[in-house]
Amino acid sequence: MLEPAAAPDAFKTLLRRTGMEPADLALLRSVPLFTGLAAAALDSLLADARVREAARGTTLFLQGDPADRFYVVLDGWVRLYRETPDGAEVTIGLFARGESFAEAAMLGPGRFPVCGMVAEPARLLHVPASSFLGALDANRALCRNLMASMARRLHGFVRQIETLSRRSAVERLAAFLAKLCEGRSAPVILSLPLDKTLVAARLGMQPETLSRAFGRLRRLGVETVGHEVRIADPGALRSLAEGED
């Protein structure tokens with residue numbers, strides 16, 4: 001959410017410089033890394049950030065490359081994976097609209113521990129490390145703010161692990177779809193990756209289990225047509241995901 005009345009003018013330069021749209025900015029400020037930051041702090045952190053469009057199959061970085069940037073997904077899907085010694089690929093994560101990725105590598109070991117590839121056509125906010133880290137060095141309060149944001153994200157990962165061990169496949173799928181519907185009115189049409197095995201991997205299940213879970217959600221008005229998912233009532237999905245069904 002934007003700050004009070006003066007905020008639109010305060011952010012105007014940032015939008016023009018980065019190529020973001022007003023809706024992108026509202027989305028960005030919901031990302032844990034940037035939640036609660038004032039306009040000046042956000043402008044400083046994103047001094048050299050730019051919006052980039054990438055086609056399906058575009059390689060963003062390879063395992064072992066210098067971690068000199070990170071990304072925020074504005075639209076589309078990005079897959080992170082590791083290559084095994086025998087040449088196989090293991091999916092580590094699947095990132096959608098409103099999620100950031102690769103910042104931990106930039107702040108830590110300095111090398112990407114995984115490969116990043118665009119799974120579906122995407123609009124990404126490309127954030128170089130140089131200006132971002134420079135802003136952190138110059139502002140201790142900002143560092144504390146970002147550490148708190150990263151801590152919230154860590155707690156989110158803990159909840160995700162708990163979900164994988166405690167919730168059924170149907171509940172996990174319902175929670176996944178409900179999150180993608182946040183801020184949208186019913187009915188909603190979502191575009192998922194063409195390769196459904198990526199979604200299955202993110203949810204910790206086999207592709208056939210994912211298909212069965214979609215089948216069980218039909219009673220809540222969830223229909224799949226190709227790579228599109230049509231959702232009649234996101235609220236019903238949230239209730240199921242929270243164990244209220």
Working to the nearest 0.5 Å, report the span between [atom1] of [X] and [atom2] of [Y].
X	Y	atom1	atom2	value
Asp75	Glu53	CG	CD	9.0 Å
Glu171	Leu217	CD	CG	10.5 Å
Leu46	Phe34	CG	CZ	5.0 Å
Leu177	Glu182	CG	CD	12.0 Å
Thr18	Asp48	OG1	CG	11.5 Å
Leu190	His227	CG	NE2	10.5 Å

Flag the pair [X] / [Y] as yes when at least one side-chain heavy-atom distance between them is below 4.5 Å, and no otherwise.
X	Y	answer
Asp233	Leu237	no
Pro128	Asp68	no
Leu33	Val72	no
Leu25	Leu42	yes
Pro121	Arg56	yes

Any idea which heavy atoms bring [X] and [Y] closest together, and the distance?
X	Y	result
Leu125	Ala49	CD1-CB, 4.1 Å
Leu94	Ala119	CD1-CB, 4.4 Å
Ala169	Thr209	CB-CG2, 3.7 Å
Leu60	Arg69	O-NH2, 2.6 Å
Ser191	Glu228	OG-CG, 4.2 Å
Ala122	Trp77	CB-N, 4.3 Å

Open item on the list: Once side chain to side chain donor-acceptor pair (under 3.5 Å) is applied, do any residues pair with Thr59, and if so which ones, sequence neighbours excluded?
Closed with: none
Open item on the list: Can you tell me if Arg216 has over 12 outside heavy atoms packed within less than 6.0 Å of its CZ?
Closed with: no
Is there a path of hydrophobic side-chain contacts, each under 4.5 Å between heavy atoms, that joins [X] and [Y]?
X	Y	answer
Leu220	Val170	yes
Tyr81	Phe61	no
Leu210	Leu240	yes
Val229	Leu180	yes

- [ ] I would like to know whether Arg79 and Thr91 meet side chain to side chain donor-acceptor pair (under 3.5 Å); could you show each step before the answer?
- [x] CA-CA 7 Å; Arg79 175 195 179 211; Thr91 297; 3.0 Å; yes
TODO: Walk me through it: do Arg52 and Arg123 pass the test side chain to side chain contact (heavy atoms under 4.5 Å, CB included)?
DONE: CA-CA 6 Å; Arg52 304 278 175 83; Arg123 290 175 63 247; over 6 Å; no
Task: Output field: ring centroids Phe70/Phe132 closer than 6.0 Å - done: yes
With a 3.5 Å distance limit and no angle check, can you tell me whether [X] reaches the backbone of [Y] through a side-chain donor-acceptor pair?
X	Y	result
Asp24	Glu21	yes
Glu103	Phe101	yes
Ser44	Ala41	no
Glu99	Ala96	yes
Arg230	Ile189	no

Open item on the list: Parallel, tilted or perpendicular, judged at 30° and 60°: which one describes the rings of Tyr71 and His126?
Closed with: perpendicular
- [ ] May I have the step-by-step check of side chain to side chain contact (heavy atoms under 4.5 Å, CB included) for Thr13 and Arg17, ending in yes or no?
- [x] CA-CA 6 Å; Thr13 300; Arg17 187 180 68 241; 4.1 Å; yes
Open item on the list: Among Leu124, Leu28, Val31, Val73, which residue satisfies the side chain to side chain contact (heavy atoms under 4.5 Å, CB included) criterion with Ser100?
Closed with: Val31
Open item on the list: My understanding is that only residues two or more places apart in sequence, or in another chain, count here; which of them pass salt bridge (charged side-chain N to carboxylate O under 4.0 Å, His left out) with Arg111?
Closed with: none
Open item on the list: Arg172 vs Met205, test: side chain to side chain contact (heavy atoms under 4.5 Å, CB included). Steps then yes/no.
Closed with: CA-CA 10 Å; Arg172 276 179 270 161; Met205 61 183 75; 4.2 Å; yes
Task: Members sharing Leu194's hydrophobic cluster (side chains within less than 4.5 Å) - done: none
Task: Step-by-step side chain to side chain contact (heavy atoms under 4.5 Å, CB included) determination, Leu27 to Arg97 - done: CA-CA 8 Å; Leu27 179 69; Arg97 184 175 182 272; 3.7 Å; yes
